Amino acid sequence: QVQLVESGGGSVQAGGSLRLSCVVSGYTASMAWFRQAPGKAREGVGCIARTGAPSYADSVEGRFTISKDNAGDTLYLQMNSLKPEDTAMYYCAAEQSRWTCLLLDWSYNYWGQGTQVTVSS
């Protein structure tokens, strides 16, 4: 059984930074961050493969960085140059079988409870 607990959300002004954390218990292979704004579909933001290779959505490429600590116990999302359109609930997700990672929510079967990010203009 995998448990994921996110933290680090908050309110910032446009151009600011936040770092989200996701504490992981249990074995995971690939992991990802997703976000969902009110009235919009859930969107993959970034993922990290079992090898450590990251992938990003075009909308955050160059601004967000996904990483894991050496023990693999914590997943991070460093968010820089934040924009109002980044406002959403952010979720950590994990699965236990893939070598690569996908920015598709159906490929993950473990989810955290979410942490809210609000960016004001």
Side-chain angles (χ1 to χ4, degrees):
Q1 186 72 10
V2 175
Q3 291 187 325
L4 308 171
V5 180
E6 304 100 330
S7 63
S11 297
V12 295
Q13 290 192 326
S17 298
L18 282 174
R19 187 175 81 157
L20 306 184
S21 299
C22 174
V23 176
V24 181
S25 62
Y27 172 76
T28 61
S30 67
M31 298 191 68
W33 287 97
F34 286 78
R35 66 187 181 187
Q36 188 166 23
K40 295 189 176 181
R42 188 159 52 189
E43 171 191 23
V45 173
C47 66
I48 189 163
R50 198 185 312 196
T51 59
S55 295
Y56 299 97
D58 289 345
S59 59
V60 306
E61 181 82 54
R63 299 189 298 123
F64 290 11
T65 303
I66 189 170
S67 63
K68 289 192 297 186
D69 67 358
N70 288 337
D73 294 337
T74 306
L75 180 72
Y76 299 102
L77 184 68
Q78 177 66 45
M79 306 186 294
N80 298 328
S81 302
L82 282 161
K83 304 175 181 180
E85 51 263 44
D86 295 318
T87 295
M89 185 73 78
Y90 283 71
Y91 298 91
C92 174
E95 58 80 38
Q96 296 180 307
S97 61
R98 296 182 185 271
W99 278 100
T100 58
C101 70
L102 301 174
L103 289 175
L104 298 170
D105 57 4
W106 55 257
S107 65
Y108 299 91
N109 49 355
Y110 297 102
W111 293 83
Q113 81 289 349
T115 186
Q116 177 68 37
V117 172
T118 302
V119 185
S120 58
S121 58

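FYI, the numbering just counts along the sequence from 1. Since we're looking at a predicted model, the values are computed, not measured.
Around atom CD of Gln116, more than 12 heavy atoms belonging to other residues, nucleotides or ligands sit under 6.0 Å away. For Gln113, the CD atom sits in a packed shell: over 12 heavy atoms of surrounding residues, nucleotides or ligands are nearer than 6.0 Å.
Tyr56 and Leu18 fall within a single hydrophobic cluster, where Ile, Leu, Val, Met, Phe, Trp and Tyr side chains are chained together by heavy-atom contacts under 4.5 Å. Val119 and Phe34 fall into different hydrophobic clusters, where Ile, Leu, Val, Met, Phe, Trp and Tyr residues are linked whenever their side-chain heavy atoms come under 4.5 Å apart, directly or through other members. Val2 is connected to Ile66 through a chain of hydrophobic side-chain contacts under 4.5 Å among Ile, Leu, Val, Met, Phe, Trp and Tyr, so both are in one cluster. Clustering ILVMFWY residues whenever any of their side-chain heavy atoms sit less than 4.5 angstrom apart, transitively, puts Val12 in the very cluster that holds Met79. Under the 4.5 Å side-chain heavy-atom criterion for ILVMFWY residues, a single connected hydrophobic cluster contains both Val45 and Tyr110.
Within the 4.5 Å cutoff, the side chain of Ile48 has heavy atoms near those of the Lys68 side chain. Between Asp86 and Arg63 the shortest side-chain heavy-atom distance falls below 4.5 Å. Two residues are said to be in side-chain contact when any heavy atoms from C-beta on lie closer than 4.5 Å; Ser121 and Gln13 fail this criterion. Contact check for Cys47 versus Met31: no side-chain heavy atoms found under the 4.5 Å cut-off. In this structure, the side chains of Val23 and Leu4 stay at 4.5 Å or more apart for every pair of heavy atoms.
Sorted by first then second residue, the ring-ring contact (aromatic ring centres under 6.0 Å, His included) pairs that include residues 62-92, not counting sequence neighbours, number zero.
Judged by distance alone, with hydrogens and angles left aside, the side-chain atoms of Ser30 form no donor-acceptor pair with the main-chain N or O of Cys101 at under 3.5 Å. A donor-acceptor contact shorter than 3.5 Å links the side chain of Glu6 to the backbone of Gly114. Put simply, the side chain of Gln96 gets close to the backbone of Tyr27: a donor and an acceptor are under 3.5 Å apart. Between the side chain of Asp73 and the main chain of Val24, no donor-acceptor pair closer than 3.5 Å is present.
A distance of 9.0 Å separates CG in Asp105 from CD in Gln36, rounded to the nearest 0.5 Å.
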- I would like to know whether Arg35 and Val60 meet side chain to side chain contact (heavy atoms under 4.5 Å, CB included); could you show each step before the answer? CA-CA 12 Å; Arg35 66 187 181 187; Val60 306; 4.0 Å; yes
- Message: Could you go through Leu20 and Val117, starting from their C-alpha distance and side-chain angles, then the distance that decides it, and tell me whether this counts as side chain to side chain contact (heavy atoms under 4.5 Å, CB included)?
- Response: CA-CA 9 Å; Leu20 306 184; Val117 172; 4.0 Å; yes
- Message: side chain to side chain contact (heavy atoms under 4.5 Å, CB included), that's the test. Do Leu77 and Thr65 meet it? Break it down for me.
- Response: CA-CA 6 Å; Leu77 184 68; Thr65 303; over 6 Å; no
- Task: I would like to know whether Cys92 and Trp33 meet side chain to side chain contact (heavy atoms under 4.5 Å, CB included); could you show each step before the answer?
- Result: CA-CA 5 Å; Cys92 174; Trp33 287 97; 4.0 Å; yes
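Of all heavy-atom pairs between Leu103 and Ala57, the closest is CD1-N, 3.6 Å. For the pair Ser81 and Ser17, the tightest heavy-atom approach, listed with the atom from each and the gap, is N-OG, 4.4 Å.
For the residue pair Glu95 and Ser97, a side-chain donor N or O sits within less than 3.5 Å of a side-chain acceptor on the partner.
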